Protein chains: 2
Amino acid sequence: MESGSLHTRRSEQLREIIEERIATGRYLPGMRLDETELATEFEVSRTPIREALMQLTFTGLIDIRPRRGAIVAKISPHRLCEMFEVMAELEAMCGRLAARRLTEMDQRNLREAHKACEAAHDEGDPDEYYRRNEKFHMAIYAASHNGFLIEEATALHRRLGAYRRLQLRVLNRLRTSYSEHSAIVEAISAGDGELAAELLRKHIIVQGERFADLIASLSI
Amino acid sequence: MESGSLHTRRSEQLREIIEERIATGRYLPGMRLDETELATEFEVSRTPIREALMQLTFTGLIDIRPRRGAIVAKISPHRLCEMFEVMAELEAMCGRLAARRLTEMDQRNLREAHKACEAAHDEGDPDEYYRRNEKFHMAIYAASHNGFLIEEATALHRRLGAYRRLQLRVLNRLRTSYSEHSAIVEAISAGDGELAAELLRKHIIVQGERFADLIASLSI
DNA sequence: AAATGTAATCTTGCATACAAGAACGTCGTT
DNA sequence: AACGACGTTCTTGTATGCAAGATTACATTT
């Protein structure tokens, strides 16, 4: 979206890189992030690294324990459920507002994103579906026409990204996910905010529940 | 609330102090925050100041423009409305969950906080009412039994604090605010989640609207 | 052999030094 | 007198140095 923005502060770039590594699972939950190590790897001093880590603390991606360094945040299944519960509500809100405020452009974007999901779904490619699913949800956020809500929803969406990705791959939720999307698009297009909200709420909450089951069964 | 927690990092304390100054209006929107000045005032180096400022950026209380320093965030009336719209939804969610999950302890706390508001309301003391109103809302958040939601709601509540305070004082909303609280308490106690949600949504959204009117009329 | 206390080492947190970009004022030119 | 270019100064961004807390390993004692 705003990938074109110039980052004059080094720490911003570093944050994005580290964020990416956490999201893609290269840095696993519980792993320690050594300031000096990262500094030498990225060929900068510890200062920008520290800044990046602090930013990630506020994003919730890492935990910093005073004098004991930073570790990639371990989100407990319980907390993950709580987060999905809030995510569900935010998405529901986006859907409700989208249904009320939908422009022609919004609708075009939404249907286009939905079609793109269909293609990835047919090919059965979880990674590609993941990316297009993301765009689909972003289209709904955007259609809410509430800039602050868009930011909050996007932030939480990203924060849950790693877990959602895992779930799509493992649980093969592609089929149901896609059909749920169809109903959501129709509800929003029809201007039925309450229905859209309810469908989205369920669409998200089920992910949280399934994920909790998955985690519990793997006894992580 | 958690003032008893040990802050081993200096920047945490500094953040709280600066946050307080912004919330209470000592640092007004648009005001420039000079790192060196703050460093000499608090008798620390620029490093922890910079860390505190960065944290505040993520809280949304200040804006940092690269190489141009930090200023207290100017929230436009439009954006403020957006934020209140989201706040309304978060509070509604808290209310809905609270109605479903209310324990006896929750109910006691809620009624107690409500009674405290009544006292301040009778005395017509806006400042005291503001503080007790805060506790009332916190009691609802807590009753949701969703730790993540509690954190998010509290954060946004704080972020809007300065504006809510101003509004209570100027618009003399004490009377209506209090009577709305009564209805909310009853709905939650009765276990009617949807009603509680709807009442809370309106209770908050009206603040946003009124505030926008206020701002517009003052042509700030 | 296990456990506890102590010392060495490592890492973080803060201070200071240095470099680079931005704001401001001055001087010169038209 | 007004506008523009240049240089100074100020502030931020980054690097490094130093001190204090935390971890770890070892030695001593039971």
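As the structure is a prediction and not an experimental result, all values here were calculated from the model. Naming convention: chains lettered A, B, ... in sequence-line order (proteins, then strands); numbering from 1 in each chain.
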Under 4.0 angstrom between A:Arg67 side-chain N/O and D:dA20 OP1 or OP2: no
Nearest-Å distance, CD (A:Gln55) to C1' (D:dG13)? 13 Å
Specify the separation, in whole Å, of atom CG of B:Leu53 and atom C1' of D:dT11. 13 Å
Has A:Thr59 got a side-chain atom pairing as donor or acceptor with A:Leu61's backbone, closer than 3.5 angstrom? no
Can you tell me how far C1' of D:dG13 sits from CZ of B:Arg65, to the nearest Å? 16 Å
With respect to the phosphate group of D:dG13, does any side-chain polar atom (N or O) of A:Arg10 fall under 4.0 Å of OP1 or OP2? no
Using a cut-off of less than 4.0 Å, is there contact between a side-chain N or O of B:Arg32 and OP1 or OP2 of D:dC10? no
Separation of atom CG in A:Asp34 from atom C1' in D:dA22, rounded to whole Å: 14 Å
In whole Å, what is the span from the CG atom of B:Leu33 to the P atom of D:dT11? 14 Å
Between the side-chain atoms of A:Arg46 and the base atoms of C:dG13, is any donor-acceptor pair under 3.5 Å? yes
May I have the distance from A:Ile64 (atom CD1) to D:dA22 (atom C1'), rounded to whole angstrom? 16 Å
Below 30° counts as parallel, above 60° as perpendicular, anything between as tilted: where do the rings of A:His203 and A:His137 land? parallel
Is it the case that the side chain of B:Arg46 and the backbone of B:Ala39 share a donor-acceptor pair, with hydrogens and angles ignored and the cut-off at 3.5 Å? no
Interatomic distance, B:Ile62 CD1 vs D:dT12 C1' [rounded to whole Å]: 13 Å
Describe, in one word, how the ring planes of B:His114 and B:His181 are oriented to each other, choosing from parallel (under 30°), tilted (30 to 60°) and perpendicular (over 60°). tilted
So, the side chain of A:Arg201 versus the backbone of A:Ala88: is there a donor-acceptor pair under 3.5 Å, distance only? no
Phosphate contact (D:dT14 OP1 or OP2) by A:Thr47 side-chain N/O below 4.0 Å: no
Rounded to whole angstrom units, what separation is found between the CZ atom of A:Arg50 and the P atom of C:dT11? 14 Å
Looking at A:Ser45, does any N or O in its side chain come under 4.0 Å of the phosphate oxygens OP1/OP2 on D:dA15? yes
Result for 5'-nearest mapping on DNA chain D, choosing between A:Arg68 and A:Val44, is A:Val44
Closer to the 5' end of DNA chain D via nearest nucleotide, is it A:Pro48 or B:Thr36? B:Thr36
